[in-house]
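Here is the structure we will look at, set down as structure tokens.
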Amino acid sequence: MNIEQEYLDAQALLEGHFLLASGNHSRRYLQSAKVLEDPKRAELICNALAEMIQKSGIKVDTVCAPALGGVLAGYELARSLGVRSIFVEKKEGGMELRRGFQVNKGENILICEDIITTGGSAMKAARAIEELGANVVAFASLANRGFCKREGSTIEAKEECQLSSNVPFFALDDFTFEMYSPEECPMCKEGSVAIKPGSKS
Ligand code: ZN
């Protein structure tokens, strides 16, 4: 599985001048909703991710995604793993299960995102699950932005990474784009204005 090629084929790897959720600017942006819009491609990608997780021997009962970004990837990964799929939603200061979703004490939960940058949303989801007495046994995302250490990669975690270092993190590849603070952004210096392509506010 060449995940970068899948993003390119789906026109989901955008080139331009982007404002990221972190407040930094970048020339490239991963529009993950777009790589998952074709269910056949979503299935292939998530099958590859599921295979990595199964090979590790980690037992997963349920996949939980932070809404909205992780929901499609989480659902498709759950299908590949043959397990239940749930999601948590934002509340003041964190995330919570709604819509009648429940977890059991001791249940093994994998937290799935579309992309892990620093892992902030994934950790909010993990805390919501752990407060209910379930275990967070792994993190997974389609791609890793290079701040956190994924299984099988030589890229070490940066200090910005928020994921628990004792929980394994699975992703299909590292995408390490250069990012700039607004003050140092070369595109801003050329007079262009960064656009915000995602849904995060
Ligand atoms: Zn800029």
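Just follow the structure's listing: the first ligand is 1, and inside any ligand the first atom is 1.
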Taking only protein atoms, how many N, O or S atoms are found under 2.8 Å from the Zn ion (ligand 1)?
4
Across all chains, not counting sequence neighbours, the ring-ring contact (aromatic ring centres under 6.0 Å, His included) partners of Phe18 are Tyr29
Apply disulfide (SG to SG under 2.5 Å) to Cys161 and Cys148, showing your working.
CA-CA 5 Å; Cys161 180; Cys148 295; 2.2 Å; yes
N-O pairing of Glu6 and Arg41 below 4.0 Å:
yes
Residues that Phe87 engages under ring-ring contact (aromatic ring centres under 6.0 Å, His included), provided they are two or more places apart
Phe101
So does Glu76 get a backbone contact from the side chain of Glu43, meaning a donor-acceptor N/O pair under 3.5 Å?
no
Does Tyr7 have any ring-ring contact (aromatic ring centres under 6.0 Å, His included) partners at least two apart in sequence or in another chain, and if so, which?
Phe175
